[in-house]
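Heads up: the structure comes next, in structure tokens.
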Amino acid sequence: FHPHDPTPAPATTESASPPPASDSGARKRTPSDFVFGRVLGEGSYSTVLHATERDPAAPNQYAVKILDKRHIIKEKKTKYVAIEKDVLNALDHPLVVKLYYTFQDAQSLYFVLELARDGDLLGFVRKLGCFTEDAARFYVAEIIIAVEYVHSKGIVHRDLKPENILLDENMHIKLTDFGTAKILDSDSADASTPPSEKRNSFVGTAEYCSPELLNDRAASKSSDVWAIGCILYHLLAGKPPFKGVNEYQTFQKIIKLEYEFPDGFPSAARDLVSAVLVLDAAKRPSLADIRAHAFFAGFHWTDVHLRPAPDLR
Ligand SMILES: Nc1ncnc2c1ncn2[C@@H]1O[C@H](COP(=O)(O)OP(=O)(O)OP(=O)(O)O)[C@@H](O)[C@H]1O
Ligand SMILES: O=C(O)C[C@H](Cc1nc2cc(Cl)cc(Cl)c2[nH]1)c1ccc(Cl)cc1
């Protein structure tokens, strides 16, 4: 049960008039500014609802991520909430999900996010089995563009995986889930976190996790490069390169670099994945190196978000 089950639209058009504000954009929103709709999804600490802004002049639609305060405090996740808010507020890119407002009431915290209507990349790779080489090239290119932008802001995502690559109504990506991101250098957490707590800084699911993150060393941009290599493999092979029967087995495969290519895996992609999935983070190609790889020969990198996306539906 969530207190914000679909709100019946008001019988009459007038609703509690919002407090006057010079620029309504600056006014702190409250839950009553929105008509909440269906559940879009659930996280470990969150429920995401469809929502429409009550303003008849601009009935904008959003995805509102609602977190229970008591649960957040009990699970010691307040740091992740603060990081997600700060990182999302620092990002403004067409391939990264936008944060419009944050506010709270007695029970909950609210992130009012850009709505991505077409689900996520994991859903499509499960539905299709695997992507064509062109579709994989397009989506990995959009991920590279989005991640390059995030890195240019001094942020490492640290949990890149197909379920964090949402899709908008034009089937372009919206990179999301920045609660486990790391702000480079100024990230005091790494400096001051005692070794014991560093283990708790472990992020995300195992399949796309880089060896250096598992060996408890600081994550860096090359950890995101490793994850992109895993995603490219996954889109073309239909499953991630490292998948054990449990999380521990998956970790073992990663640190031993235990993976192989299925027959028919395209050779240029095989060459690129092999260059990216190397244990030594310093030996991994940069995102610029990857852009220049033969797998992307002839790919036009400018304004990809304005060009038609492959139709996976
Ligand atoms: N901007 C969005 N637009 C549309 N759907 C979204 C959006 N953000 C999240 N969702 C949906 O809500 C679900 C929960 O997202 P949320 O970020 O709250 O948790 P999560 O990160 O997926 O899970 P966890 O917290 O366990 O990592 C997602 O799986 C996704 O399906
Ligand atoms: O209104 C703002 O933007 C600032 C607040 C700050 C804030 N208030 C909190 C209360 C609790 Cl109980 C937990 C966290 Cl992490 C809290 N963070 C806030 C509210 C909502 C969200 Cl999603 C993030 C931060």
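For the numbers below, each heavy atom of this structure counts, side chains included, while hydrogens, waters and symmetry mates do not. Along the sequence shown, the residues carry numbers beginning at 1.
A donor-acceptor pair is defined here as one N or O able to donate and one able to accept, closer than 3.5 Å; no such pair exists between the side chain of Ser222 and the backbone of Val225. In terms of modelled atom types and a separation under 3.5 Å, the side chain of Lys28 and the main chain of Thr102 share a donor-acceptor contact. Of the possible donor and acceptor atoms, one in the side chain of Arg29 sits under 3.5 Å from a partner among the backbone N and O of Arg27. Side-chain atoms of Asp168 come within 3.5 Å of backbone atoms of His172 as a donor-acceptor pair (strictly under, hydrogens ignored). A donor-acceptor contact shorter than 3.5 Å is absent between the side chain of Asp86 and the backbone of Ile83. The main-chain N or O of Glu260 is found under 3.5 Å from a side-chain atom of Tyr233 such that the two form a donor-acceptor pair.
Taking Glu142 as the reference, nothing meets the salt bridge (Lys or Arg N to Asp or Glu O under 4.0 Å) condition, with sequence neighbours excluded. Looking at residues two or more places apart in sequence or on another chain, you find a ring-ring contact (aromatic ring centres under 6.0 Å, His included) between His93 and Tyr149. Considering only residues two or more places apart in sequence or on other chains, Asp134 meets the salt bridge (Lys or Arg N to Asp or Glu O under 4.0 Å) condition with Arg137.
Residue Met171 is grouped with residue Phe131 when hydrophobic side chains (ILVMFWY) are merged at heavy-atom distances under 4.5 angstrom, including chains of intermediate members. Hydrophobic clustering of Ile, Leu, Val, Met, Phe, Trp and Tyr side chains at less than 4.5 Å, counting indirect connections, keeps Leu115 apart from Tyr100. Leu166 and Ile145 are members of different hydrophobic clusters when ILVMFWY side chains are connected at heavy-atom separations under 4.5 Å. In this structure, Val87 is a member of the same hydrophobic cluster as Val96, with clusters built from ILVMFWY side-chain heavy atoms closer than 4.5 Å. Both Leu95 and Leu235 belong to a common hydrophobic cluster when Ile, Leu, Val, Met, Phe, Trp and Tyr are linked at side-chain heavy-atom distances under 4.5 angstrom.
The structure places NZ of Lys79 at 13.5 Å from CD of Glu84, a figure rounded to the nearest 0.5 Å. Rounding to the nearest 0.5 Å places CG of Asp224 at 11.5 Å from CD of Glu148. Separating the CG atom in Asn246 from the OG1 atom in Thr250 is a distance of 6.5 Å, to the nearest 0.5 Å. Interatomic distance, CZ of Arg126 versus CG of Leu122, reported as 4.0 Å (0.5 Å rounding). Here the OH atom belonging to Tyr80 is positioned 7.5 Å from the OG1 atom belonging to Thr180, to the nearest 0.5 angstrom.
With contacts defined as side-chain heavy-atom distances shorter than 4.5 Å, the pair Pro211/Trp226 qualifies. With a 4.5 Å cut-off on side-chain heavy atoms, Leu272 and Phe296 count as touching. Looking only at side-chain heavy atoms (C-beta outward), Leu121 and Val125 stay at 4.5 Å or farther from each other. The closest side-chain heavy-atom distance from Leu277 to Pro241 is below 4.5 Å. Using a 4.5 Å cut-off on side-chain heavy atoms (C-beta onward), Phe299 and Val304 make contact. Annotation: side chain of Phe295 is not in contact with side chain of Asp271 (no heavy-atom distance under 4.5 Å). Within the 4.5 Å cutoff, no side-chain heavy atoms of Thr47 are placed close to those of Val64. The side-chain heavy atoms of Pro266 and Arg270, taken from C-beta on, include no pair separated by under 4.5 Å.
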### Message
Before you tell me yes or no, could you show the steps for Ile155 and Leu184 under side chain to side chain contact (heavy atoms under 4.5 Å, CB included), namely the whole-Å CA-CA distance, both residues' side-chain angles and the distance that decides it to 0.1 Å?
### Response
CA-CA 6 Å; Ile155 291 160; Leu184 293 174; over 6 Å; no
### Query
Which is it for Val278 and Arg284 under the side chain to side chain contact (heavy atoms under 4.5 Å, CB included) test, yes or no, and what are the steps along the way?
CA-CA 6 Å; Val278 295; Arg284 267 172 234 151; 3.5 Å; yes
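When each of Phe103, Phe34, Tyr101 is tested with Tyr110 by the rule side-chain contact (heavy atoms from CB on, under 4.5 Å), just one qualifies, namely Phe103.
The existence of a salt bridge linking Asp92 and Lys98 is confirmed by a sub-4.0 Å separation between a basic side-chain nitrogen and an acidic carboxylate oxygen. Salt-bridge annotation for Glu207 and Lys161: absent, with no side-chain N of the basic residue lying under 4.0 Å from a carboxylate O of the acidic one. In summary, Lys77 and Glu75 do not engage in a salt bridge, as defined by a charged side-chain N under 4.0 Å from a carboxylate O.
Judged purely by distance below 3.5 Å, without hydrogens or angles, the side chains of His305 and Asn170 never pair a donor atom with an acceptor atom. Using modelled atom types and a 3.5 Å distance limit, the side chains of Glu114 and Tyr62 yield no donor-acceptor pair. No side-chain donor-acceptor contact under 3.5 Å links Ser220 and Glu212. Residues Gln104 and Lys69 have side chains that bring a donor and an acceptor to within less than 3.5 angstrom of each other.
The ring of Tyr208 has its center no closer than 6.0 angstrom to the ring center of His157.
By the 30° and 60° cut-offs, the orientation of the rings of Phe265 relative to Phe261 is tilted.
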